[in-house]
Amino acid sequence: MTQGVRGTRDFYPEDMRVRNWLFERFHEAALSHGFEEYDAPLLENEELYTRKSGEDISQQLYNFEDKGGRKLALRPEMTPSLARMVMARSGALALPIKWYSIPQCWRYERTQRGRGREHYQWNVDIWGMEGVEADAELISVLVHFFKSVGLSSDDLVIRVSSRKVLEEVLGSLGIAGDDFSKTCVIVDKMDRLPPDVIEAQLQDLGISPESVAQIQKILGIGDLAGIEDALGSGSDAITEIQSLFSLVESYGAGGWMEFDASIVRGLAYYTGPVFEVQDRAGELRAICGGGRYDRLLGTLGGKDLPATGFGFGDMVVMELLEAKGLVPDLSTGNSDVVFGMGPELRGAAMTVASTLRSKGRNADLVLEDKRMKWVFRHAERIGAERLVMVLPDEWAKGIVKVKVLETGEESEVSLDSLC
RNA sequence: GCUGUGAUGGUGUAGCGGUUAGCACGGUGGGUUGUGGUCCCGCCGGCCCGGGUUCGAGUCCCGGUCACGGCCCCA
């Protein structure tokens, strides 16, 4: 009876304080870079997510039929909703747009440590810019956030590649278009699935074992020089990646980023630079993932508009912050406890509380008949700064007693000068 | 889909065949106190459900339910 739905979390006030702290850092990092917040419904039509590219996301949809027989899904990610919103106003939006959101996202799957069926995912996206300047700006938002919670490039690394690297390799093998997207989804699983499974899936797409070996060799490259050797310095993919690294260097964030050809990402819609943030120790799942998706609107039936963005879940980063001792002790934010001695002073206590509140103090008024002992313990438990006592003799003279709890210092203050 | 571990007051836990089922927090009443944080005392409140083994089960066995992990998979 007291249990929530499997894979969901309750946020008690002490948990909510931490969540708000984290979200405030998200907001601040995005706002500091000129992004605006948006939101969309948690419920979407299922067809928004049922793509044809073999992505598992559609298998893990938290979906159902409503009373009108409509097939709906709880959003597993924010990007399709965002794409829908952008498409609906495609002619009217002043480009580029820089938007962010902290939506709750859902998926139906087996729960594990750090993986519920629900999480909050900070999404930051730029639409209407083709250049890697936009991708670099996203990296800057991320680095700003990490610094603001006390994480450094010793803790984290942003691993970057580009779908164009694979595109060039696969193109030379005669694989392009839809097959290319499907290949990316399979290649993304290479380090998780047995080689024969991967080979079988790739051969279904008409890719020979020799080509598979070629792909694997490219994916093993972990530095820019290596990939330049492999693709040739004139290649678009190389030029783009080099440009991105150079821009990130200008932001002063060069130390955070590394090239890694094995970063592919499991979503079919990526088209250009893709990245993941991982902990240096390699103990956690990816903290954040993102990339460029210039042709998503086209697949949804609209006109293409270049776009790039990332999604950043709240669970994995909290694990890291807790492990590093970076989650601060947060107080309840109550500054005053107001207590009227006895029922006849209840009204007076309300007047005092109102006065304090109008002066901008957070006042927790004791609404019941409680003993002084309880009031003190209560004030201590909620971490109040002061206890404001309305006592019979003093109140007769228009005075209240104010006690600073930490120091024990006590003073008598008239209602007029109370603040 | 496969698998492991667990379930004891409201919360967190100890107990591993015979205990008045212990402790801490909480709630409540009282003592001390300046009607006053600490401290001290009393009280409230519990063995997930159903079978079985046993003279006797919170404890062992079987089934169920739920929870938390791991694998598979992964926005």
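Predicted, not measured: the structure shown is a model, and the values here were computed from it. Protein chains get the first letters and strands the later ones, always in sequence-line order, with residue 1 at the start of each.
Annotation: side-chain contact (heavy atoms from CB on, under 4.5 Å) contacts of Glu412(A) (sequence neighbours excluded): Glu394(A), Ile399(A), Lys401(A). In this structure Phe245(A) satisfies the ring-ring contact (aromatic ring centres under 6.0 Å, His included) test with no other residue, sequence neighbours excluded. Legend: residues meeting side-chain contact (heavy atoms from CB on, under 4.5 Å) with Arg70(A), ordered by chain and number and at least two apart, are Asp66(A), Leu72(A). Judged as a side-chain contact (heavy atoms from CB on, under 4.5 Å), and not counting sequence neighbours, the contacts of Asp154(A) are Ser152(A). By the side-chain contact (heavy atoms from CB on, under 4.5 Å) test, Thr407(A) is found to be paired with Val404(A), Glu409(A), residues two or more places apart in sequence or in another chain being considered.
Note on Gly313(A): a base of the nucleic acid sits closer than 4.0 angstrom, heavy atoms only.
Identified under the salt bridge (charged side-chain N to carboxylate O under 4.0 Å, His left out) test for residues 102-124 of chain A, with sequence neighbours left out: Arg9(A)-Glu118(A), Arg107(A)-Glu109(A), Glu109(A)-Arg115(A), Arg113(A)-Glu319(A). Residue pairs meeting the salt bridge (charged side-chain N to carboxylate O under 4.0 Å, His left out) criterion with at least one partner in residues 16-30 of chain A, sequence neighbours excluded, do not occur; the list is empty.
Of the N and O atoms on the side chains of Asp294(A) and Tyr269(A), not one donor lies less than 3.5 Å from an acceptor on the other residue.
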List the atom pairs, donor and acceptor, that lie under 3.5 Å between side-chain atoms in residues 156-164 of chain A and the rest of the protein, sequence neighbours left out.
from, atom 1, to, atom 2, distance (Å)
Arg159(A), NE, Gln278(A), OE1, 2.5
Arg159(A), NH1, Glu258(A), OE1, 3.1
Ser162(A), OG, Lys164(A), N, 3.0
Ser162(A), OG, Glu240(A), OE1, 3.0
Ser162(A), OG, Gly272(A), O, 3.4
Arg163(A), NE, Val264(A), O, 3.0
Arg163(A), NH1, Leu267(A), O, 3.3
Arg163(A), NH1, Tyr270(A), O, 3.1
Arg163(A), NH2, Val264(A), O, 2.8
Arg163(A), NH2, Arg265(A), O, 2.7
Arg163(A), NH2, Leu267(A), O, 2.8
Lys164(A), NZ, Glu240(A), OE2, 2.7

Donor-acceptor pairs under 3.5 Å, side chain of residues 127-137 of chain A to any protein atom, not counting sequence neighbours: which ones?
from, atom 1, to, atom 2, distance (Å)
Asp135(A), OD1, Arg292(A), NE, 3.2
Asp135(A), OD1, Arg292(A), NH2, 3.0
Asp135(A), OD2, Thr308(A), OG1, 2.8
Glu137(A), OE1, Tyr251(A), OH, 2.4

*Dot-bracket notation for RNA chain B, counting Watson-Crick and G-U pairs under 3.5 Å, with | for partners on another strand*: (((((((..((((....[...))))((((((.......))))))...(((((..]....))))))))))))....
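Relative to the side chain of Arg285(A), the nucleotides C74(B), A75(B), A67(B) differ in distance, and C74(B) lies closest.
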Can you name the atoms? Protein N/O to nucleotides 37-39 of chain B N/O, anything below 3.5 Å, with the distance.
from, atom 1, to, atom 2, distance (Å)
G37(B), N1, Leu405(A), O, 2.6
G37(B), N2, Leu405(A), O, 3.3
G37(B), N3, Glu380(A), OE2, 3.3

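One can find a donor-acceptor pair under 3.5 Å joining the base of A75(B) and the side-chain atoms of Gln121(A).
Within a heavy-atom distance below 4.0 Å of RNA chain B, the residues of residues 387-401 of chain A found are Pro392(A), Lys401(A).
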